[in-house]
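What follows is a single structure, written as C-alpha cells, with notes after it.
A, B, ... follow the sequence lines: proteins, then strands. Residue 1 opens every chain.
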Number of protein chains: 2
Amino acid sequence: MSIITAVDTFDIRFPTSLELDGSDAMNPDPDYSAAYLIIRTDAGDGHEGHGFVFTIGRGNEVETAALDALRGHILGRDVETLLDDMGATWKLLAHDSQLRWLGPEKGVMHMAIGAVVNALWDLKAKRAGLPLWELLAGMTPEELVALVDFRYLTDALTPDEALTILRAAQPGRETRTATLRADGYPAYTTTPGWLGYSDEKLTRLAKEAVADGFAQIKLKVGASLEDDIRRVRTARAAVGPDIKIAVDANQRWDVQQAIDWMAHLAPYHIAWIEEPTSPDDILGHAAIARGVAPIPVATGEHVQNRVVFKQMLQAGSLQVLQIDAARVAGVNENIAILLLAAKFGVRVCPHAGGVGLCEAVQHLSMFDYIAVSGTKEGRTIEFVDHLHEHFITPVVVHDGAYWPPAAPGAGNEMLRETLAAYSFPNGPIWKEPR
Amino acid sequence: MSIITAVDTFDIRFPTSLELDGSDAMNPDPDYSAAYLIIRTDAGDGHEGHGFVFTIGRGNEVETAALDALRGHILGRDVETLLDDMGATWKLLAHDSQLRWLGPEKGVMHMAIGAVVNALWDLKAKRAGLPLWELLAGMTPEELVALVDFRYLTDALTPDEALTILRAAQPGRETRTATLRADGYPAYTTTPGWLGYSDEKLTRLAKEAVADGFAQIKLKVGASLEDDIRRVRTARAAVGPDIKIAVDANQRWDVQQAIDWMAHLAPYHIAWIEEPTSPDDILGHAAIARGVAPIPVATGEHVQNRVVFKQMLQAGSLQVLQIDAARVAGVNENIAILLLAAKFGVRVCPHAGGVGLCEAVQHLSMFDYIAVSGTKEGRTIEFVDHLHEHFITPVVVHDGAYWPPAAPGAGNEMLRETLAAYSFPNGPIWKEPR
C-alpha cells in the first residue's frame with residue numbers, strides 16, 4: 001500500500017508571442033503555457049505522475065488555481081485504489097457537485113480535472129512499465145468500458161454498444177500493433193501556415209514539409225479573404241497537386257459567412273475546413289457542413305466535453321473529429337469520444353501543437369487504431385515542430401509519421417530545467433528584459 | 001474624468017449545507033457562495049460597482065482567482081469611457097484571446113467576466129441614480145442593440161431584427177412601467193420543494209406558499225421515482241388543483257430516462273419539467289420536449305452562453321427559457337438572450353435563489369417586460385426566501401409578486417458586515433466550531 005504524498009502545481013509560460021509562432025485569426029499573440037502538476041507517492045519506486053492543461057498565456061494562473069482546488073481530492077489517498085479503478089477515480093473528480101457547478105463539465109474546472117486524470121494515467125503507465133498507448137491497448141473491452149461515464153450518452157451510445165465495438169476490434173490487435181511499429185501513424189503539419197508568416201516563409205516551409213514526407217499541410221485563414229486566397233494559392237503552388245491542404249478559421253466566422261468564404265477557397269482543393277465557427281454551435285456546424293460539402297468540416301479542439309461531441313455526431317456537424325489531449329476531462333473522456341466516433345463511423349484526426357499536445361495525444365490515436373476503430377484510413381495527427389525539446393520523451397516524427405513511443409508513461413513530463421526556467425512570473429526567462 | 005482605482009475581490013461562503021436548504025438530486029450539500037468584487041473610482045461621488053458569481057462552495061476560490069485575472073483589464077481606465085460604451089467594454093473583456101482560450105465563453109472565466117460586467121452596470125446605474133431595470137428601459141433601441149455581441153448569432157438574429165423587436169415595443173413603455181409599479185411581476189417559489197425536506201415540511205411550506213399568494217411552486221425531483229410520485233401527490237394535495245406545480249430534475253437524467261420518469265408524474269398536472277438532462281444537450285432537450293409534450297421543458301440556469309440558447313430556440317429544446325443573472329457574461333449577454341427569446345416567441349422565467357440571484361435577475365425581467373417582449377404572459381420569476389438579509393436592497397416579494405426596486409443600482413451589493421463575517425476561510429463564521 002502506498003499513498004499520494006504531494007500534488008505540486010506550476011504556472012509555466014513560454015514567450016512565444018515574440019515570434020508569432022501560433023498566430024491565427026482569433027489568437028494574434030499567444031504565449032504558449034501549461035498549468036502543470038506533479039503527483040508524488042511514497043511507493044519508493046521513483047515514479048511520478050505528470051499532467052497539464054495547455055493555455056495561451058493570461059489566465060494560466062486561474063487554471064493553476066483550479067489544479068490546486070483538486071489537490072484535496074487525491075492527496076493522502078491510496079495509490080492502488082485510485083489507479084486500479086480509473087473509472088471510479090474519474091467520477092470522484094468529475095462528479096463533485098460543488099466543483100461541477102463551475103462548469104458543469106466545461107472550461108477551467110473541467111480541463112483541470114483532465115490534467116489530474118492524465119497525471120494519474122501517466123503514473124499508472126510508468127508503474128506498469130508501458131507507454132500509455134500500449135497500456136490501454138492491452139486492456140479488455142470490459143475494462144475499457146468501465147473507464148467511461150455514460151451519463152448523457154445513452155441516447156447515442158450504450159455500454160453494450162461500446163462493448164460490441166471493442167470486441168469487434170479484439171481479433172486484429174496484435175497485427176495492428178506490429179503495423180504501427182513498422183509504419184508509424186500518419187502526421188500532417190501546421191508549421192508552414194501561421195497567419196503571421198510572410199508568403200516567402202510559407203512557401204519555404206511548405207516545400208520543406210513535402211520534403212519531410214508530410215502528405216498534408218494546414219493553413220490558418222479567416223482574417224482577410226483576399227490574403228487567404230493568395231496564401232492558399234501560394235501554398236498550392238509550393239506543394240503541387242498531390243499534397244492535401246487543410247484550412248483552419250479558428251472560430252472566426254458566423255454560419256453564412258463561413259459558407260460564403262469557403263466558396264472562394266474551394267477551387268484550391270481543400271482537405272477540410274477546421275473550426276469555421278463557435279465550437280458550441282452544433283447546429284451551425286451542421287448548416288456549414290451542408291453548405292460547404294463536399295469539403296469536410298473538422299472541429300474539436302475547443303469542444304468542451306463528450307456531450308457536445310455526441311450531438312455533433314448526431315447532427316452531422318463534423319466529418320473529421322479532432323480530439324485534444326487537454327481540453328476534455330482526460331484520457332477517460334477521450335476514450336468515450338473515440339467510442340462515439342467509432343459508433344458513427346467518423347474519422348478522428350487529433351488536434352496537437354501547443355505545448356505537449358503532440359506528446360500526449362499520439363497515445364490516444366495509436367490506442368484507437370489498435371483497439372477501437374481498428375483503422376488509420378483517412379486519419380492523421382497534427383504536428384507542429386515546436387517546444388518538443390522541453391519534454392523528457394519528445395515525439396518522434398519523421399517520414400510524415402508519428403512513431404510509437406517506447407518510454408513508459410503518457411508523454412506529459414517536462415524537463416526539470418524547463419519547469420524552473422519558464423515558471424511565471426519568477427522564472428529566469430520572465431525576469432529577462434524583452 | 002475619473003478612473004477606476006481599485007478592484008477588490010472576496011471569497012464569500014455561507015454554511016448552508018448544515019440545513020439542507022438548496023439540496024437537490026445533483027447537489028446534496030451546497031454551501032451557497034459568491035466570488036465577489038467591488039469596483040472603486042476616484043470620482044468622489046461615493047459610488048461603487050458590485051458584482052458576483054454564484055457558486056455552491058468548493059472552487060469559489062478558483063472563481064475569485066478568475067476575477068483577479070480581470071483586474072488588469074479595467075484598473076486605471078477612464079470610468080466614463082468604459083460606462084458610456086458598455087458594448088465595447090463587454091468585448092474588451094470577452095474577446096481577450098488569451099482568456100478566451102480558457103472557455104471559450106463558458107465556465108469559470110466567462111462567469112467572472114459576467115461579474116465584472118454586472119459590477120460595471122451596478123456602478124453605471126448608481127451614477128445615473130436609477131435602478132438597473134429603469135436605466136435599461138430608458139435606453140433607445142439603437143443603444144440597446146449596441147450592447148449586444150452578435151457574433152455567432154446572425155443565423156438566428158441579426159442586429160436589424162433586434163432593432164425591429166425593440167422598436168415594436170417602444171410605444172407601450174410608459175404604460176407598462178405604470179403597470180409594473182401597480183401590479184409587480186409574478187413570482188413563484190421553490191422554498192417548499194427541496195429534496196432534503198420531509199413530507200410534513202413540504203406540506204406546511206406548500207400551504208404557506210399558497211397563503212402568501214404564489215400561483216406556482218416547484219419541487220426538486222430525480223433521486224427516487226417512488227419518492228417523487230409521493231412528493232408530487234403530497235404537494236398537489238396541499239395546494240389544491242389551481243396552483244401550478246413545476247418540477248426540477250437538476251440534470252439528473254439521460255434522454256429516455258427523462259421521458260419515462262415524467263410519464264409517471266404527468267397525471268399530477270406538471271407546469272414544466274426543468275433541467276431534465278445535461279444543459280449542454282440541445283438535441284437531447286429537443287427529444288425530451290417531444291417525448292413529454294404537452295409538458296413544457298424549462299432550462300437555462302446552467303446554459304453557458306447565448307450560442308447554446310440560440311440553438312435551443314432553433315431546435316425547440318425549451319418552451320420556458322430560464323436566464324440566470326450570474327452564469328453568462330452579465331447584463332449584455334442576457335439582453336442578447338432576451339432578444340433571442342423574443343424573436344422565437346418563447347417565454348422567459350428566470351432562475352433565481354442561490355445568493356443574490358433574485359436581487360439581480362428581477363431587473364432583467366422587468367426591463368424585458370417594458371422594452372423587449374412587452375408581456376408578462378406566462379412569465380414568472382423564481383423566488384427562494386433565503387439569504388436576502390445580506391443585501392443592501394433585498395428583494396420585495398409579497399402577494400405572489402416581485403415589486404420593482406427603487407434604489408439605484410443593479411441589486412448586487414452585499415452588506416459590509418456580511419463580506420467580513422462570511423469571508424472564507426478566515427471570516428468569523430468559518431472560524432466557529434461546527
Side-chain angles (χ1 to χ4, degrees), chain A residues 26-31 33 53-66 68-69 72 96-112 150-155 251 254-257 277-284 287 302 304-305 307-308 310-311 314-315, chain B residues 26-31 33 53-66 68-69 72 96-112 150-155 251 254-257 277-284 287 302 304-305 307-308 310-311 314-315:
Chain A
M26 289 290 274
N27 307 292
D29 56 352
D31 281 328
S33 302
V53 178
F54 170 62
T55 82
I56 61 171
R58 282 186 294 283
N60 201 50
E61 75 279 17
V62 180
E63 196 60 64
T64 307
D68 289 333
D96 178 311
S97 65
Q98 297 189 8
L99 296 179
R100 191 178 179 279
W101 190 272
L102 299 171
E105 301 197 67
K106 60 183 67 73
V108 167
M109 204 66 234
H110 199 57
M111 294 193 287
F150 284 89
R151 174 175 276 182
Y152 306 139
L153 295 188
T154 58
D155 56 321
Q251 312 169 26
D254 277 25
V255 172
Q256 190 57 47
Q257 192 181 11
T277 190
S278 165
D280 305 339
D281 202 344
I282 296 152
L283 301 177
H302 279 86
Q304 64 206 32
N305 60 36
V307 182
V308 177
K310 175 191 75 168
Q311 294 172 82
Q314 289 173 319
Chain B
M26 288 291 273
N27 308 293
D29 57 353
D31 282 328
S33 302
V53 177
F54 171 61
T55 83
I56 61 171
R58 281 186 294 282
N60 200 51
E61 75 279 16
V62 180
E63 197 59 65
T64 308
D68 289 333
D96 177 312
S97 64
Q98 296 189 9
L99 296 180
R100 190 178 180 279
W101 191 272
L102 300 172
E105 301 197 66
K106 59 182 67 76
V108 166
M109 205 67 234
H110 199 57
M111 294 193 286
F150 285 88
R151 174 175 276 181
Y152 306 138
L153 295 188
T154 58
D155 56 321
Q251 312 170 26
D254 277 25
V255 172
Q256 191 57 47
Q257 192 181 10
T277 190
S278 165
D280 305 339
D281 202 343
I282 296 152
L283 301 178
H302 280 86
Q304 64 206 31
N305 60 35
V307 181
V308 176
K310 175 191 75 167
Q311 295 172 83
Q314 290 173 319

Checklist entry - Is the closest side-chain heavy-atom distance between A:V62 and B:V62 below 4.5 Å? => result yes

Next on the checklist: Could you measure the distance from the NZ atom of A:K106 to the NE2 atom of B:H302? Nearest 0.5 Å is fine.
Outcome noted: 8.0 Å

Checklist entry - Between B:Q257, B:R151, B:Q256, B:H110, which shows the greatest number of heavy-atom pairs under 4.5 Å with chain A? => result B:R151

Checklist entry - Which residue out of A:L283, A:V255, A:T55 racks up the most heavy-atom pairs below 4.5 Å with chain B? => result A:L283

Next on the checklist: Using every non-hydrogen atom in the two residues, find where A:D254 and B:F150 come nearest and quote the distance to one decimal.
Outcome noted: OD2-O, 3.6 Å

Checklist outcome for this item: Answer key: most heavy-atom pairs under 4.5 Å with chain A among B:L153, B:N60, B:D96 is B:D96

Checklist entry - Step by step, would you call A:D29 with B:Q98 a side-chain contact (heavy atoms from CB on, under 4.5 Å)? => result CA-CA 8 Å; A:D29 56 352; B:Q98 296 189 9; 3.9 Å; yes

Item to check | Interchain contact, A:P279 with chain B, by part (heavy-atom threshold 4.5 Å) | outcome: side chain

Item to check | Toward chain A, the part of B:F54 with a non-hydrogen atom under 4.5 Å | outcome: both

Checklist entry - Can you name the nearest heavy-atom pair linking B:T277 to A:Y152, along with the distance? => result OG1-CD2, 3.2 Å

Next on the checklist: Under 4.5 Å from any heavy atom of chain B, what part of A:D68 do you find: side chain, backbone, both or neither?
Outcome noted: neither

Next on the checklist: Let's test your reading of the structure: which of B:G107, B:G72, B:G59 forms the most heavy-atom pairs below 4.5 Å with chain A?
Outcome noted: B:G59

Checklist entry - Going through the distances and angles, do B:E63 and A:L102 end up as a side-chain contact (heavy atoms from CB on, under 4.5 Å)? => result CA-CA 8 Å; B:E63 197 59 65; A:L102 299 171; 3.8 Å; yes

Next on the checklist: Just so I understand: if I count every heavy-atom pair under 4.5 Å between each of A:N305, A:L99, A:V308 and chain B, which residue has the most?
Outcome noted: A:L99

Next on the checklist: Donor-acceptor check, side chain of A:Q311 to backbone of B:D280, threshold 3.5 angstrom: yes or no?
Outcome noted: yes

Checklist outcome for this item: Taken in chain and number order and not counting sequence neighbours, the residues that satisfy side-chain hydrogen bond (donor to acceptor under 3.5 Å, both in side chains) with B:K310 are A:D281, B:D155

Item to check | Max heavy-atom pair count under 4.5 Å with chain B, selected residue of A:A287, A:P104, A:A315 | outcome: A:P104

Checklist entry - Considering only heavy atoms from C-beta outward, does the side chain of B:R100 approach that of A:Q251 to under 4.5 Å? => result yes

Item to check | Choice from B:T154, B:T64, B:I56, B:I282 maximising heavy atom contacts with chain A below 4.5 Å | outcome: B:I56

